[in-house]
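The figures here come from the full heavy-atom set of this structure, side chains too, leaving out hydrogens, waters and symmetry mates. Indexing begins at 1, ligand by ligand and atom by atom, following the structure's order.
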Amino acid sequence: MAVLDENIPVFHYFEQLTQIPHGSYNEKELANYLEAFAKKHHLEYKRDGMDNVVIYQKASQGYEEKEPIMLQAHMDMVCAKAPSSKHNFASDPLELHIENGWLYANHTTLGADDGMGVALMLALMDDENVKHPDLVCVFTVQEEAGLYGAAGIDPQWLKAHRMISLDGETFGETTISSCGGRDVILTKPLRRVANHHDVYKMTVKGLKGGHSGDAINQERANANVLMGRILQHLMAKGIKYHLVDIKGGEKPNAIPVYATCLIATDTDITDEVINFFTSVKEEYQFSDEEIFVEVENAISDFAYSREDTWNIVNA
Ligand SMILES: [Zn+2]
């Protein structure tokens, strides 16, 4: 007997999913289920060798001219259980029960991530009363293992310019934009030249920093960006200098809180840098008010060529 109310389609489908084991790399049976759903409802579908499935539903009457919309959820769930549990995620259906109005699985994860996304799409396609444009329902595999299904799916299958991913984190919240992460490693051989100019060390500090995902919307300063602006400003002022050294930031996921740079030049840059930074500081007076720049004398026997300096500063 069903634990959830079978008259509510999304619950009906969710409960069916929980009866099919579907950990990462074990999505075949769930893909079979989706394929059977598509056939039963006479819907066009595609399935690849990884078991990614895309089901297409034509627009409701009167919505044929509207832009198609793509919906997406991942089939696989995280399989975790209490130490006491004898559950076998490869073969056993989940055992559901309701406690104080909340749905649980018996000492195992429930797979609501992302079973609810899968169930929502099935319920939507099953509902003849909902008016919608052409639907492209994308069911991916191996998300929890590293988004491999999404990476492997044929992009030709995704015939829509708009997508709603049904895999949110917080109840009642919709994310309309979010930052991603990507590492870039650039290497370039640089040419050192002997240095006979004065050397200045500039340090940008006093920044609030913060997590690059969490605090990025708070208009905080980034020390690397500020240092780049100082260097570009000096260049724009026609001051000829050679880069000696430049460093900034600590971790890929933290907004850089300091940056240092050494340059060699015959011009005393101290006032120019301090004055320029006064106007930069004004920009951040409400979001990162403690930022400042320090200019000190330093020494170095070498510097990078003017050409390399130009390239690095412009990068
Ligand atoms: Zn998820």
Side-chain angles (χ1 to χ4, degrees), residues 4 8-35 37-38 45-48 50-55 69-82 85 87 89-90 92-96 102-126 135-155 157-158 160 162-182 211-214 216 253:
L4 293 168
I8 301 174
V10 67
F11 289 159
H12 163 74
Y13 284 115
F14 181 76
E15 182 154 2
Q16 292 219 319
L17 302 183
T18 64
Q19 303 309 294
I20 305 168
H22 57 278
S24 305
Y25 299 103
N26 187 28
E27 300 98 340
K28 192 167 286 297
E29 210 184 316
L30 185 50
N32 291 344
Y33 175 85
L34 296 173
E35 202 174 328
F37 175 93
Y45 72 93
K46 289 192 159 77
R47 175 175 178 172
D48 65 16
M50 297 179 87
D51 289 326
N52 287 308
V53 174
V54 180
I55 303 178
I69 189 144
M70 183 155 67
L71 302 173
Q72 181 270 337
H74 60 90
M75 287 184 227
D76 57 318
M77 62 176 278
V78 175
C79 297
K81 59 182 184 180
S85 170
H87 187 86
F89 279 107
D92 299 344
L94 300 176
E95 294 167 35
L96 305 185
W102 289 92
L103 180 66
Y104 294 92
N106 186 19
H107 295 106
T108 67
T109 42
L110 179 62
D113 174 7
D114 194 14
M116 274 309 288
V118 173
L120 277 165
M121 283 194 275
L122 297 178
L124 177 63
M125 288 189 279
D126 198 11
L135 288 181
V136 181
C137 292
V138 182
F139 304 87
T140 55
V141 295
Q142 300 167 27
E143 196 268 356
E144 303 290 0
L147 292 148
Y148 297 124
I153 204 163
D154 184 344
W157 294 3
L158 312 177
R162 301 180 297 169
M163 184 186 88
I164 302 173
S165 178
L166 305 170
D167 192 17
E169 289 266 314
T170 314
F171 182 71
E173 273 186 14
T174 302
T175 304
I176 56 167
S177 170
S178 98
C179 69
R182 181 160 289 187
H211 190 278
S212 61
D214 212 39
I216 206 68
N253 59 355

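Between Phe139 and Met75, the shortest heavy-atom distance links the atoms O-CE, 3.4 Å.
His74 has its closest N, O or S atom to the Zn ion (ligand 1) at the position named NE2. As for Asp113, its N/O/S atom nearest the Zn ion (ligand 1) is the one called OD1.
In summary, the side chains of Ser165 and Gln72 do present a donor paired with an acceptor at a separation below 3.5 Å, with no hydrogens or angles considered. No hydrogens or angles considered: nothing links the side chains of Asn106 and His87 as a donor-acceptor pair under 3.5 Å.
In summary, Asp114 places no N/O/S atom under 2.8 Å from the Zn ion (ligand 1), failing the contact criterion.
Ring-plane geometry between Phe37 and Tyr13 is classed as perpendicular, the angle between the planes exceeding 60 degrees on a 0 to 90 degree scale with a lower cut at 30.
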